[in-house]
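Predicted model only: the values in this text are computed from it and were never measured. Throughout, protein chains are lettered first and strands after them, A, B, ... in sequence-line order, and every chain is numbered starting at 1.
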Amino acid sequence: MIRDEIIALTAQALAAAQAVGDLPQFATPEITTEHPARPEHGDFSANLPLRIQGLARMKAIAVAEALQRHVPPHPAVDRVIVAPPGFLNFYLAPGWAAAQTDVIVGEGDRFAALDIGAGKRVQIEYVSANPTGPIHVGNGRGAAIGSALANVMRTAGYEVEQEYYVNDAGTQVAIFGRTLYARYEQLFGREVAIPENGYPGEYVVDVARAVKDRDGDRYLRAPGEEPDPDLGRVGLALMLDGIRSDLEHVGVHYDRWYSERSLMEDGGPYAEVMALLARQGQVARREGAVWFTSTDLGESKDNVLIRSDGQPTYYAMDIAYHYDKFIRRRFDRVIDIWGADHQGHVSRVKAAVTAVGGDADALDVLLYQLVTLRRGDVIVPLSKRAGEIVTLRDVVDEVGVDATRFFFLLAGANQTMDFDLELAKKQSDENPVYYVQYAHARIAGVLKRAIEEGHSAEGADVSLLTHEAEQTLLRKLLLLPEVVEKVVLELAPHHLTHYAQELASAFHAFYTQCRVIQADEPALTKARLRLLAATRIVLARTLALMGISAPDAMYSEARERA
RNA sequence: GCCCUCGUAGCUCAGGGGAUAGAGUACCGGCCUCCGAAGCCGGUUGCGCAGGUUCGAAUCCUGCCGGGGGCACCA
């Protein structure tokens, strides 16, 4: 990408200046550039002179001037200017920027594809919500982040596998089974209460009804008897179908649904990893339980692996799961995306990964802050155990898939986020996603009209793209590779939404100022059609990375009403 | 009490060592004989507080204040 070429030019200038003695010799620090906030400061700015003024024992301005003399010529660079207090500012050549439209159109869907990943296998596990309840709003945030990150990392050259860890074992599942059985019994007229710590949600009744409609009373036992464990499994499978369908509905697809229960199977990771830890002397039996002696690894405390009732803890299962990720399946990188309420779990899992022979540095745990859900001024509890449950499906039905995903990607994962359902509903027509999609629809509209009127970009002379609005738009197009890189390096897909808005804004400004189709300006028309084609590709790419559609026409409820 | 995280415009959020801190929304005022006005242009408002490091701090460090999360033989 062009930014790397600017960096290379700066490095070459430094080496050349040192070679002829304009600058003294010293170890070269890492060279970076940034995009100046003000356009008059150029397209790229290097602060190298400021950073090495001490090493060079010269004033930053003098260093900058020395570097400036040695920057090799480059077709992309129009000029290099020294600016106080010691910046080296690069200005792109307008003709070169315009010519990039040909590159973009030529690369098409491959534009902004990078090779940071170098084919490394990365596993991204996200959502992984308990199948004891429907997918709710908080899970939706994890879904949007994980899915977008997977898209971007694939574009950046990683081989990505997306996975959902299904918690189909353990205490909560057992409680769900008992709740379901109580609901099931109720459907047959028995006056039983759901368990005290059970799941009060109506969806459990729906599941019970679905089972009854399909299988009748085959899971019914004599009053007072323990529930049939098969009922729990059947119920869980139905819940999972719902979860899968809710996620598919918002465009989230997994390569694999990994069953927690399967960890326990014969020859499975659980037995193997427990034996490994025992062999390494990292377990201890105390107070009837089996502990992982993680304090030896720098953890603040030991943790229970097997409870005194013989049941493995969630932590033990998670160790087995990560053993499977790192040792058995040998992923080069593993990214877990969790709600911030799992924050305390991070260092424990990393310690365990190290203990079982994995590389803890290859594990990134991306925590997203919980979503505060509101209806106006009223806080809606997200907990599945509380009365009102607002599902992801509810939100999507109200504001649409595209707006939901865009909204979740608007804030950085570390930022707590407000999701006001009333506002989201009210603003559905003004959501920023429509601003971005509208840009795409406008382009599609013009291109369609151009074809109808017999125009094409064939043989376009893009050097005619000299208007300020055209040049601004061109520069935005060239930014996508940098955005992709930033998202990957920071594991921060929210940069996509902000870029998308900037790009759309640059396009709308261009559209207003520069008429594309002009019968009496055939050459300019061709050039602008080429610019439109390139813009459309970049915009569609950006939307696709976010998992948002790029419509050729906007659905127009507002216009139909008008 | 200890650990993590966040305090940026009225509101929702970017920016996370650079040059005059941005966007959306809200509010005010302009712009359709012309490719879609779900658009464009202009105006108003801000880095929680106090020290420190640096040529330069919204950004890094320390303390304080405030919000959220965590510190189970829960997941």
*Decide, for B:rC27, between syn and anti: a glycosidic angle within 90° of 0 counts as syn, anything else as anti.*
anti
Determine the minimum heavy-atom distance between [X] and [Y], stating which atoms define it.
{"X": "A:Met274", "Y": "A:Leu305", "value": "SD-CD1, 4.0 Å"}
{"X": "A:Gly235", "Y": "A:Leu180", "value": "CA-CD2, 3.6 Å"}
{"X": "A:Tyr270", "Y": "A:Ala320", "value": "CA-CB, 3.6 Å"}
{"X": "A:Asn89", "Y": "A:Ala83", "value": "ND2-CB, 3.5 Å"}

With distance as the sole test, does [X] use its side chain to make a donor-acceptor pair with the main-chain N or O of [Y] at under 3.5 Å?
{"X": "A:Thr497", "Y": "A:Leu409", "result": "yes"}
{"X": "A:Asp168", "Y": "A:Arg261", "result": "yes"}
{"X": "A:Asp302", "Y": "A:Ser294", "result": "yes"}

Generate the contact string for [range]. Rules: B means base contact, S means sugar-phosphate contact only, - means no protein heavy atom under 4.0 Å.
{"range": "nucleotides 53-60 of chain B", "result": "--B-----"}
{"range": "nucleotides 70-75 of chain B", "result": "SS-BSB"}
{"range": "nucleotides 5-13 of chain B", "result": "SSS----SS"}

Interatomic distance where [atom1] belongs to [X] and [atom2] belongs to [N] [whole Å]:
{"X": "A:Tyr368", "N": "B:rG68", "atom1": "OH", "atom2": "C1'", "answer": "15 Å"}
{"X": "A:Leu367", "N": "B:rG69", "atom1": "CG", "atom2": "C1'", "answer": "10 Å"}
{"X": "A:Leu370", "N": "B:rG69", "atom1": "CG", "atom2": "C1'", "answer": "8 Å"}
{"X": "A:His35", "N": "B:rA14", "atom1": "NE2", "atom2": "C1'", "answer": "16 Å"}
{"X": "A:Phe44", "N": "B:rA19", "atom1": "CZ", "atom2": "P", "answer": "17 Å"}

Using a cut-off of 4.0 Å on non-hydrogen atoms, how would the nucleic acid contact of [X] be classed: base, sugar-phosphate, or nothing?
{"X": "A:Asn89", "result": "base"}
{"X": "A:Phe87", "result": "base"}
{"X": "A:Thr497", "result": "nothing"}
{"X": "A:Ala37", "result": "nothing"}
{"X": "A:Arg442", "result": "sugar-phosphate"}

For nucleotides [N] and [M], find the distance between their [atom1] atoms and express it as a whole number of Å.
{"N": "B:rG69", "M": "B:rG10", "atom1": "P", "value": "26 Å"}
{"N": "B:rU12", "M": "B:rA50", "atom1": "C1'", "value": "29 Å"}
{"N": "B:rA23", "M": "B:rC32", "atom1": "C1'", "value": "26 Å"}
{"N": "B:rC47", "M": "B:rA9", "atom1": "C1'", "value": "10 Å"}
{"N": "B:rA26", "M": "B:rC11", "atom1": "P", "value": "15 Å"}
{"N": "B:rA57", "M": "B:rG48", "atom1": "P", "value": "16 Å"}
{"N": "B:rU59", "M": "B:rG17", "atom1": "P", "value": "10 Å"}
{"N": "B:rU45", "M": "B:rU25", "atom1": "C1'", "value": "13 Å"}

*salt bridge (charged side-chain N to carboxylate O under 4.0 Å, His left out) between A:Glu521 and A:Arg515: does it pass, once the steps are laid out?*
CA-CA 10 Å; A:Glu521 292 275 10; A:Arg515 192 179 167 80; over 6 Å; no
*Among A:Leu263, A:Asp336, A:Val127, whose side chain to side chain contact (heavy atoms under 4.5 Å, CB included) with A:Tyr165 holds?*
A:Leu263
*If you check the A:Tyr438 side chain, which of B:rG39, B:rG15, B:rC35 turns out closest?*
B:rG39
_Closest nucleotide among B:rG39, B:rG16, B:rA19 to the A:Ala83 side chain_ = B:rA19
*Verify the neighbour count for atom CD of A:Glu40: are there more than 12 heavy atoms of other residues, nucleotides or ligands below 6.0 Å?*
yes
_What I want to check is whether an N or O donor and acceptor connect the side chain of A:Ser505 with the base of B:rA23 at under 3.5 Å._
no
*For B:rG15, does either OP1 or OP2 sit under 4.0 Å from a side-chain N or O belonging to A:His494?*
yes
*Taking OP1 and OP2 of B:rC40, is either one under 4.0 Å from a side-chain nitrogen or oxygen of A:Tyr435?*
yes
_Output field: ring centroids A:His467/A:Phe510 closer than 6.0 Å_ = no
*So what's B:rG18 paired with, Watson-Crick or G-U wobble, going by both distances under 3.5 Å?*
B:rC55
*What do the steps show when you test A:Asp552 against A:Lys448 for salt bridge (charged side-chain N to carboxylate O under 4.0 Å, His left out), and what is the final call?*
CA-CA 9 Å; A:Asp552 287 346; A:Lys448 182 169 170 239; over 6 Å; no
_Which is more 5' along RNA chain B, the nucleotide nearest A:His41 or the one nearest A:Gln513? Just name the residue._
A:His41
*asked:* If you define the side chain from C-beta out and look only at heavy atoms, does anything of A:Glu125 sit under 4.5 Å from A:Tyr164?
replied: no
